[in-house]
Amino acid sequence: SLSANSIRAYNTDICHFIEALGAASKPMNAVSTAEIAKWVNSGIYSLATVMRRFTTVRMLYKFASAKGYVIGNPAALVKIDRRCMSVEQMEPKHIPPISEAQYVAAFTSPYFMGWYYDALVLGYCCGLRMIDCCKLEWASFTDAGLVVYPQKTRGRRIVLPLTDPLLDR
């Protein structure tokens, strides 16, 4: 259930880990916790990238431990050292806002004025995310209201009354 980009990133992380530690020439048991910590906390990567690299190595050792290839998981003892990270590394990347011309072009296009507009209004009035609007089926509309299984609540059933005047368009 992983995207191709995620798989590529995990594969790259493992390759970088092997290259940096010379792990290809020594057994996995010979790699120390200090070496793993140094690799995880090295570089000028963003916090998200550091966390992904850390997770990749931790899960690699967890898998190897479960299969009996190594004893224990030295990566489980490693911590991400946020004190050594710059503000630029800690802050998430900001996407520049769209211009007013781009906004008008997007919201007046014929693609938006159809289904997208209806989904946006439904999401706004019912407090749904766009992914939840996309998952709706005709069976979701009942006499009691709109039956939704929002992704954020991990499948908990919610019934929303459909009484907003914007929905009567």
Side-chain angles (χ1 to χ4, degrees), residues 1-109 111-112 115-117 119-120 122-124 126-136 148-156 158:
S1 66
L2 294 173
S3 72
N5 287 339
S6 296
I7 293 170
R8 190 177 318 113
Y10 294 143
N11 186 35
T12 302
D13 291 339
I14 291 171
C15 290
H16 287 170
F17 177 71
I18 291 170
E19 287 174 20
L21 299 179
S25 61
K26 61 182 174 181
M28 288 181 76
N29 280 335
V31 178
S32 69
T33 301
E35 289 175 309
I36 295 171
K38 183 178 177 186
W39 180 78
V40 166
N41 292 308
S42 66
I44 55 168
Y45 301 108
S46 69
L47 178 61
T49 302
V50 171
M51 290 174 69
R52 189 199 68 232
R53 288 166 51 119
F54 173 58
T55 301
T56 302
V57 173
R58 191 179 71 228
M59 296 310 286
L60 173 68
Y61 271 93
K62 184 177 180 180
F63 174 79
S65 178
K67 293 290 186 180
Y69 302 136
V70 296
I71 299 170
N73 184 351
L77 302 173
V78 174
K79 301 285 186 217
I80 295 173
D81 191 4
R82 296 172 190 239
R83 295 173 296 156
C84 297
M85 298 181 92
S86 68
V87 173
E88 185 179 275
Q89 288 174 290
M90 294 291 288
E91 290 292 321
K93 301 286 186 254
H94 295 287
I95 299 171
I98 64 172
S99 68
E100 186 174 341
Q102 291 171 321
Y103 179 82
V104 170
F107 284 92
T108 57
S109 73
Y111 298 110
F112 181 79
W115 182 87
Y116 294 109
Y117 177 81
L120 183 68
L122 183 67
Y124 176 77
C126 297
L128 297 175
R129 291 174 176 74
M130 199 58 142
I131 186 71
D132 298 327
C133 291
C134 292
K135 289 182 171 182
L136 290 176
V148 186
Y149 296 88
Q151 186 172 350
K152 185 171 182 179
T153 61
R154 301 181 192 263
R156 191 175 334 148
I158 297 174

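Computed from heavy atoms alone, side chains included, the values below leave out hydrogens, waters and symmetry copies.
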Value rounded to 0.5 Å, distance of [atom1] in [X] from [atom2] in [Y]:
X     : Y     : atom1 : atom2 : answer
Thr49 : Asp13 : OG1   : CG    : 8.0 Å
Leu21 : Lys38 : CG    : NZ    : 9.0 Å
Met51 : Ile80 : CE    : CD1   : 5.5 Å

> Do you know which two heavy atoms are closest between Met28 and Leu60, and how far apart they sit?
Replying inline: CE-CG, 4.0 Å

Would a 4.5 Å heavy-atom cut-off, applied to side chains only, mark [X] and [Y] as touching?
X     : Y     : answer
Leu47 : Arg82 : yes
Ser32 : Glu35 : yes
Lys79 : Val40 : no

>> Set out, in order, the CA-CA distance, both residues' side-chain angles and the distance that settles side chain to side chain contact (heavy atoms under 4.5 Å, CB included) for Tyr10 and Thr55, then state yes or no.
In response: CA-CA 9 Å; Tyr10 294 143; Thr55 301; 5.6 Å; no

Please confirm whether the backbone N or O of [Y] pairs with a side-chain atom of [X], one donor and one acceptor, at under 3.5 Å?
X     : Y     : answer
Ser42 : Trp39 : yes
Asn29 : Val70 : no
Asn41 : Ala37 : yes
Tyr45 : Arg53 : no

> Checking Arg52 against Phe54: charged group under 6.0 Å from the ring centre and within 45 degrees of the axis?
Replying inline: no

> Under 3.5 Å, is there a donor-acceptor pair linking the side chains of Asn5 and Arg8?
Replying inline: yes

> Any chance CD1 of Ile7 has more than 12 other-residue heavy atoms, nucleotides or ligands included, within less than 6.0 Å?
Replying inline: yes

>> Consider side chain to side chain contact (heavy atoms under 4.5 Å, CB included). Of Val31, Thr12, Thr56, which one does Phe17 pass it with?
In response: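 Considering Val31, Thr12, Thr56, a side chain to side chain contact (heavy atoms under 4.5 Å, CB included) with Phe17 is found only for Val31.
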
